[in-house]
Amino acid sequence: MSERSPAPGGLALVEALVNTLDIESDVDALDTEDARVRFGIGADGLAEARALRESLRATLLAHAAHPPHRPVTPLGDLLAAAPLYLAVDERDGSAALRADDGPLLSRVAGAVAEALVAGTWTRLKACEADTCHWAYYDRSPAGRGRWCSMQVCGARAKMRRYREKAR
């Protein structure tokens, strides 16, 4: 839906996962083998991936100060089960959270942890439009973006408000 550029770093994975479901058309990309392969999930992991996606969506709605779209398992509960490890380079002592090659849950947990450290986690939001809830990275200076696309969702919302006022 969005014409915005992808989120930075590991948040691109989170954004892409949330955006596998087009709420308006009810098309779920995770129904295709190509999308499942892209996220490294098999048919047996589909229910967990969908639960993670909707929990992420609820969290991204909260980042934009909106209530959850429906009851979901809290993201913290899901991420608590994510196996992560800290790799320390013996030569220089630098450390990095390692989750890149693990299961989807670990890669998402690693992306969230990376974004927390970078201060970018709360900039990943979900569009406020009820028929959309597409994930987008808010690059606005004040961090107050409301829609994934000003040309589509923003324009619809503004036109709706204009028509309500005109009545």
Side-chain angles (χ1 to χ4, degrees), residues 1-128 132-140 143 145 148:
M1 168 74 64
S2 179
E3 69 281 344
R4 295 175 184 255
S5 56
L11 286 181
L13 169 68
V14 175
E15 180 181 45
L17 178 60
V18 171
N19 291 344
T20 57
L21 177 64
D22 183 333
I23 291 174
E24 191 168 26
S25 66
D26 199 33
V27 173
D28 187 345
L30 293 180
D31 288 338
T32 68
E33 187 176 346
D34 286 344
R36 290 191 303 270
V37 167
R38 191 173 109 206
F39 290 102
I41 56 172
D44 58 332
L46 193 52
E48 292 84 6
R50 286 184 170 138
L52 177 60
R53 174 184 65 197
E54 296 313 312
S55 184
L56 285 164
R57 186 183 318 279
T59 300
L60 302 186
L61 282 164
H63 287 174
H66 301 297
H69 59 305
R70 62 184 176 94
V72 297
T73 303
L75 184 59
D77 292 355
L78 292 175
L79 295 182
L84 297 171
Y85 73 93
L86 190 63
V88 180
D89 189 313
E90 294 176 13
R91 295 169 297 193
D92 66 4
S94 62
L97 191 59
R98 301 298 309 180
D100 347 348
D101 300 338
L104 179 60
L105 183 63
S106 292
R107 289 181 284 136
V108 167
V112 170
E114 173 190 299
L116 281 170
V117 171
T120 57
W121 173 234
T122 58
R123 288 285 184 142
L124 190 60
K125 299 178 179 181
C127 181
E128 78 173 35
C132 183
H133 295 318
W134 204 253
Y136 68 95
Y137 188 77
D138 184 359
R139 288 183 166 79
S140 67
C148 64

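Glu33 and Arg36 are not joined by a salt bridge, as no carboxylate oxygen comes within less than 4.0 angstrom of a charged side-chain nitrogen. Comment: Arg50 engages Asp31 in a salt bridge, judged by a side-chain N to carboxylate O separation of less than 4.0 angstrom.
Two residues are said to be in side-chain contact when any heavy atoms from C-beta on lie closer than 4.5 Å; Arg139 and Ser5 meet this criterion. Residues Leu104 and Val108 have side chains in contact (heavy-atom distance under 4.5 Å, counting atoms from C-beta outward). Using a 4.5 Å cut-off on side-chain heavy atoms (C-beta onward), Asp22 and Trp134 make contact.
Atom OG1 of residue Thr59 and atom CG of residue Leu79 lie 8.0 Å apart, to the nearest 0.5 angstrom. Considering OG1 of Thr120 and CG of Leu11, their distance stands at 4.5 Å, rounded to 0.5 Å. Between the CG atom in Leu61 and the SG atom in Cys127 there is a gap of 9.0 Å [rounded to 0.5 Å]. We find the CG-CD distance between Leu13 and Glu114 to be 10.5 Å, quoted to the nearest 0.5 Å. To the nearest 0.5 Å, the span separating CG on Leu60 from OH on Tyr136 amounts to 9.5 Å.
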Checklist entry - Could you walk me through whether Arg53 and Asp28 pass the side-chain contact (heavy atoms from CB on, under 4.5 Å) check? => result CA-CA 11 Å; Arg53 174 184 65 197; Asp28 187 345; 2.8 Å; yes

Checklist entry - side-chain contact (heavy atoms from CB on, under 4.5 Å) between Glu54 and His69: does it pass, once the steps are laid out? => result CA-CA 9 Å; Glu54 296 313 312; His69 59 305; 2.7 Å; yes

Checklist entry - Does the pair Ser94 and Asp92 meet the rule for a side-chain hydrogen bond (donor to acceptor under 3.5 Å, both in side chains), with working shown? => result CA-CA 6 Å; Ser94 62; Asp92 66 4; 2.8 Å; yes

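Shown here for Leu84 and Ala109, the closest heavy-atom pair between the two residues is CD1-CB, 3.9 Å. In terms of heavy atoms, Asn19 sits closest to Ala135 at OD1-N, 2.7 Å. Minimum heavy-atom separation, Ala16 to Arg38: CB-NH2, 3.4 Å. Closest of all the heavy-atom pairs between Ala49 and Leu30 is CB-CD1, 4.3 Å. When every heavy atom of Pro68 is checked against every heavy atom of Ala58, the shortest pair comes out as CB-CB, 4.1 Å. In this structure, Val88 and Gly93 approach most closely via the heavy-atom pair CG1-O, 3.9 Å.
The 12-atom threshold is exceeded at CG of Asp89, counting heavy atoms of other residues, nucleotides or ligands nearer than 6.0 Å.
No side-chain donor-acceptor contact under 3.5 Å links Ser55 to the backbone of Val72. A donor-acceptor pair is defined here as one N or O able to donate and one able to accept, closer than 3.5 Å; no such pair exists between the side chain of His66 and the backbone of Glu128.
Checking Asp138 against Ser140 by side-chain atom types alone, a donor-acceptor pair falls below 3.5 Å.
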